[in-house]
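Proteins get letters first, then strands, A, B, ... in listed order; numbering begins at 1 in each.
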Amino acid sequence: MHRDDPSDAAAASPFQPLPAELDFPSMERRILDFWAEHQTFERLRAKNAAGPRWSFIDGPITANNPMGVHHAWGRTYKDVYQRYRAMRGYHQRYQNGFDCQGLWLEVEVEKELGFESKRDIEDFGLEAFADACRERVDTYAAVQTAQSVRLGQWMDWDDSYYTHADGNIEHIWQFLRRCHQRGWIEAAQRAMPWCARCGTALSQHELIDTYEEITHDALYVRLPIHGRPNAWLLIWTTTPWTLAANVAAAVDPDLTYAEVEVDGQRYVLAEATVSEALGNDARIVGRVQGADMLGWTYEGPFDHLPGAAGVEHRVIPWDDVGADEGTGIVHIAPGAGEEDFRLGQELGLPVLVPIDENGVYVDGYDWLSGRDAREVAADVIADLERRGLLLRAHRYEHRYPHCWRCQEELVFRVDDEWFIRADEIRQPMLDAAAAVRWTPDYAGARMADWLRNMGDWNISRRRYWGLPLPFYPCQACGHLTVIGSKRHLEERAVSGLEQLRELHRPWIDQVVIRCEGCEAPVRRVEAVGDAWLDAGIVPFSTLGYLEGSQEFHRWYPADFITEMREQIRLWFYSMLFMSVTLENRAPYRSVFVYEKLNDETGRAMHKSWGNAIDFGEAAERMGADVMRWLYAGQNPLYNINFGYGPATDVKRRMLTLWNVYSFFVTYARLDGFDPTAPRIPVEQRADLDRWALSRLQGLIDTMTEAMEESLVHRGVRAAHRFIEDLSNWYVRRGRRRYWKSSADADKQAAYQTLHELLTTLVRLLAPVMPFWTEDIYQNLVRGADPNAPASVHLTDWPTADNSLRDEELEASMDIARVVVAAGHQARNEAGLKLRQPLRSAYVSGIEPEEIERLCSFKAHICDELNVKDMLNVKEAGFTSDIDFFETRAKLNFRRVGPRLGRLSRLVAAELAKNTEQHERIWSQFMNDREYKYVLHLDWEKVELEFDDFVFEAVPRSREYAVASRDRVTVAVRTEIDDALRREGLAREIIHATQNLRRSAGLDVSDRIRLWIDGGSALTSTLADHGAEIIDEVLAVSLNDGSPPSQAAETAPTLDGEPVRIRLVRA
RNA sequence: GGGCUCUUAGCUCAGUCGGUUAGAGCGCGCCUCUGAUAAGGGCGAGGUCCGUGGUUCGAAUCCACGAGGGCCCA
């Protein structure tokens, strides 16, 4: 340590000292204030206003609850890429979006108001309900905005779009009108998965992931076969309520059915199911093929009720009947089952729909009427039993779908629904999707698969707070009028316009229009639209498409969008559908898809499982930058495991950078380093500097490429490696350059280089870690140069300077580090403490040119390994008889393989047999590179040249500690003579004294008076190394007079010598 | 039943153009270094690269089949 009195320099330094600890949350709050105060975001937008455009569309977040940490993942991607584009000068929209209507909202508002059914909503009043929905949107849009700001996301928050806005609705109307003009809109009866609580059908994409294991009552029911006394069809069902809708019984024509007699009654069922259904005692008295049963008729289970009367129940064929469970005879209720309905359509079966939209039996079903279908199982069982139709009932566990919003069990129900026919647009959508760049690319395949399989789009929901479908079917002429805009509505309206507050129920329902077919007055259908219409229209509605705005053509299609993978079949799909319909092309050029967020053990997060992490709490505990780094570093192919454990990991890595930063600031202050001083030309700087700057250029390229390809995690990983190198090699190797007392050019070069490395690094990391990089930038750049851009986010993205690239230097440094690692290993294995200097280290196994280049790092290697000299084997005069390693020759398969083919194995084996020759082969090549080694096999000879070999050294130690890694072998001479021993002792003393200084609470730059006593070894050590010790520990005197009684003291045993060290501040 | 995808150390994951000794981080144990360091370095334990077959001089890597997980469709 050599330090001059630093106090004046530090006081004048432009760099502020660092706090003791890196505290992300408090630093981030400070930076948020800073940005607000300086209007940094506004200045960024102004700066780029004339730049090229980069168009991004924000997928709307449902403004329904506070945002979760999974939203924060996606928002981090959005912010990272927008910030990167901003640093490259792109003009952007920065428009955030909220999803504001649909079933999501309604269900939450219902919960809030304590409602249990649609009737509660009707009683409450649609107007009041709409107001409540609106209010919830306002509340949570504000909450989510504040949270996003906290995350560091930069958006034009005052310009957010809302999908419940009239403008958004009008654009959807326009889309629907275009669909209608092409003949794609139709109302049709379909069996739909139905939520009785929500009172509406669900579409196919809402059914996914909703199956849960559940126990139901399963029934064996016997039904009398017409014309065959005492003969019964035995059917099995797990949904007793659907028996009232039975119209047929399906059998597999290829299956063999058994007639079984029990208690004088004959049952027909599939032979394979007999013992399961009737027990092992059942006696088979006859057999019949399924095909022969077709045309039988039977009496239905509820034929006596008016609602089910008058239906002829037949036995019908169906290939999908299985004998795995049940009886091989399937109860068919086309009005209450999806497959049943399809089968019924094919065969022209009647459709009985016994329940209304709330799941309640309609009139005509006697005691069932008015009762909830989900609650009648026990009574149906009792009723059947009383009427002698029940054979037995049992509990049955199976997977059954639930409503994804309210968790109620779903039923299937036939109803009139509105659809957009998909067949005509399928191919154009496939074509449009094929032109999109999907990242990762499997997402494109997924979309194509979805499109090939998509059914007609069910767009109607029997709800309230949603897009009002602009469908006006005319009772008089049958024409369907589809309104395409508010103006269109005004043109056709005959009444109700005056009360039209907004395009929502109940107001819109009051507007009556003239039919476009016959001018008769027509009312709107009551249904509202699928919420994916709301989100899908956003590329148009937010750009004034309907008004023919210029903005639309400037920003459409989007350059980039990103959301979770599930959005392929949701938002990406609905946008694509609408955009292909309106403009015949995809609304986005590239799409980035990421996976799911789980807790840190890999389990899904659920509030009820107690493993969900609140965003606000996470931001305050780990910090937004740490979260962002964690998200950005994730490989998007895999689910992310998010939690405080992984965050601690990230923070530890950040600490590495913090240490480098802190090191720089500490010494730059002491030395009064001025970053605005003239730069020392790079070619005049130390190899270490040139190496680090070269590495930096590589990092710039890697980061840039990662950002351009939307694979930021690659950049994050490269940055991580760079930070490791910066700390564990550049600073570790270079730290003495900052300590020396003279202010020479090398010291200046060291400061300049580290300053450049840090300030460039923070620009590269600014998109990922906007807060901390700003903090560092303000201190390292703005503090010293008021003319620099006011924020790191107002600087330009770094570009690599190829003149600073030196790949040879990087390669050599890599080898030097391998040599150091091998040397450490050798010393360690021999039990030689690093503090003990040794005479020499020998390096072998690498090419002569590499050795040569390595010699320029000799000082680093010697210092790291604490040896006096590093020699390569050749210059040390060793030849083939050296005794600490031997050379092995192996085949270079990469070269030899293609040439020799099958023979290469034999050659390799032959070579391995004669290891004693390897040394000779090596020296032949060393003497003459053109030498050809000829290997004689039994039947032919093979000629091998230098490049056909790989040479490596194998340790064979004696007086040397030897270790090999990669192809490098390092041997350290283990002999310790007296001079080395004294030097080792001196270093022990320095180390002990430094520890004593620290424990005595001295400052790094304090001077001391020092006293050391001990035996004769110590005396001779002080004679040889006293000056060095004085120098290192900043002593002004050694053993001068007697120490005061308050002197700090330590008395260790060093290298077997008892030593006493005392010191006081000078 | 069909499609997409994944499977590498106890955990989380790298592994480029196929090249013969498969790596990192975390965790664990031992050692070590340290006046930037809640750090760093070394060693150790820990691998059927999911399995089988094929292509190839050579397979974690390419192909086929199979198993298991995830997702999607039916």
Side-chain angles (χ1 to χ4, degrees), chain A residues 1 3 18 21-22 204-205 207-209 320 338-339 440-455 565-566 568-569 595-596 598 600-602 633-635 637-641 645-646 648-649 651-653 655-667 714 717 720-721 724 727-729 731-732 735 738-739 817 820-829 831-835 864 866 890-908 950 952 963-967 987 990-991 993-995 997-998 1002-1006 1032-1034:
Chain A
M1 292 285 307
R3 296 249 62 96
L18 269 44
E21 211 184 329
L22 174 58
Q204 59 183 146
H205 39 238
L207 203 58
I208 288 156
D209 287 341
D320 285 352
E338 205 176 12
E339 291 172 317
D441 49 17
Y442 78 83
R446 199 40 97 65
M447 176 59 97
D449 186 53
W450 169 259
L451 292 175
R452 277 191 294 268
N453 290 303
M454 72 173 166
R565 187 184 56 188
E566 62 194 14
I568 290 171
R569 56 168 217 277
E595 295 291 307
K596 288 173 68 173
N598 292 326
E600 60 187 81
T601 66
Q634 174 68 22
N635 182 341
L637 269 178
Y638 299 98
N639 293 341
I640 189 169
N641 293 350
T648 307
D649 233 50
K651 175 127 190 235
R652 190 175 298 154
R653 289 170 184 194
L655 218 50
T656 306
L657 180 55
W658 167 263
N659 290 331
V660 174
Y661 172 45
S662 161
F663 173 86
F664 174 83
V665 170
T666 304
Y667 289 98
R714 292 191 184 161
R717 283 171 191 189
H720 176 232
R721 286 190 295 273
E724 293 281 311
S727 169
N728 296 327
W729 193 252
V731 173
R732 181 172 115 205
R735 45 152 73 111
Y738 305 85
W739 293 345
R817 295 181 71 177
V820 166
H824 278 144
Q825 182 182 342
R827 290 192 62 126
N828 252 301
E829 284 173 354
L832 297 162
K833 296 174 85 171
L834 199 49
R835 218 175 281 141
E864 279 285 322
N866 198 13
K890 294 173 95 175
L891 271 193
N892 180 0
F893 281 95
R894 191 170 225 153
R895 257 183 78 95
V896 170
R899 193 172 83 230
L900 296 184
R902 197 171 294 276
L903 223 51
S904 42
R905 270 184 161 176
L906 296 172
V907 173
V950 176
E952 56 188 36
S964 269
R965 59 173 55 206
D966 295 346
R967 47 194 225 290
R987 288 194 58 168
I990 291 167
H991 178 64
T993 308
Q994 300 286 33
N995 282 343
R997 281 182 59 114
R998 199 175 352 184
L1002 270 64
D1003 196 75
V1004 183
S1005 53
D1006 284 339
E1032 283 288 326
V1033 302
L1034 298 185

Counter-base of B:G51, judged by Watson-Crick or G-U geometry with both distances under 3.5 Å: B:C65
Side chain of A:Arg652 (C-beta onward), nearest among B:A36, B:C73, B:G27: B:G27
Side-chain-base donor-acceptor pair under 3.5 Å for A:Arg446 and B:C4: yes
Residue A:Thr656, side-chain heavy atoms: nucleotide from B:G41, B:A39, B:G35 that is nearest: B:A39
Heavy-atom donor-acceptor pair, A:Asn659 side chain to A:Leu655 backbone, under 3.5 Å: yes
hbond_proxy A:Arg732 side chain to B:G40 base (donor-acceptor, 3.5 Å cutoff): no
Glycosidic conformation of B:C65, taking syn as within 90° of 0 and anti otherwise: anti
Parallel, tilted or perpendicular: rings of A:Tyr661 and A:Trp658 (30°, 60°): perpendicular
Interatomic distance, A:Asp449 CG vs B:C72 P [rounded to whole Å]: 12 Å
Sugar-phosphate only, base, or nothing, as touched by A:Pro440 at under 4.0 Å among non-hydrogen atoms: nothing
Strand partner of B:A22, provided both Watson-Crick or wobble distances fall under 3.5 Å: none
P spacing across the pair B:G3 / B:A74, given as an integer number of angstrom: 15 Å
base_contact_polar (B:C73 base, A:Arg569 side chain, donor-acceptor, <3.5 Å): no
Closest to side chain of A:Asn641, choosing from B:A14, B:U12, B:U5: B:U12
A:Asn639 side chain to A:Glu595 backbone, donor-acceptor under 3.5 Å: no
Side-chain donor/acceptor of A:Glu724 to backbone N/O of A:Asn728, under 3.5 Å: no
Atom CZ of A:Arg714 with >12 non-hydrogen neighbours under 6.0 angstrom: no
Sugar-phosphate only, base, or nothing, as touched by A:Arg653 at under 4.0 Å among non-hydrogen atoms: sugar-phosphate
Nearest-neighbour nucleotide for the A:Arg717 side chain, B:G35, B:C13, B:A36 considered: B:C13
Distance in angstrom units between A:Leu655 CG and B:G40 C1', rounded: 12 Å
Out of B:U5, B:U21, B:U34, whichever nucleotide has its closest atom nearest the side chain of A:Arg987: B:U34
Touch class at under 4.0 angstrom, heavy-atom based, for A:Asn635 against every strand present: sugar-phosphate
Sugar-phosphate only, base, or nothing, as touched by A:Val665 at under 4.0 Å among non-hydrogen atoms: nothing
Inter-nucleotide C1' distance (B:A22, B:A60), Å rounded: 8 Å
A:Arg894 side chain, from C-beta outward: closest of B:G42, B:G35, B:G19: B:G19
Sugar-phosphate only, base, or nothing, as touched by A:Arg899 at under 4.0 Å among non-hydrogen atoms: nothing
Under 3.5 Å donor-acceptor pair, A:Ser727 side-chain atoms to B:A39 base atoms: no
Nearest-Å distance for atom pair CD/C1', residues A:Gln634 and B:G25: 14 Å
N or O in side chain of A:Tyr638 less than 4.0 angstrom from B:G69 OP1/OP2: no
Separation of the P atoms in B:U8 and B:U61, to the nearest angstrom: 14 Å
Pairing partner of B:G1 (Watson-Crick or G-U wobble, both distances under 3.5 Å): B:C73
Donor-acceptor pair (no angle test) under 3.5 Å: A:Arg735 side chain, B:U37 base: yes
Sugar-phosphate, base or nothing in reach of A:Val731, heavy atoms under 4.0 Å: base
A:Glu1032/A:Arg987 salt bridge by N-O under 4.0 Å criterion: no
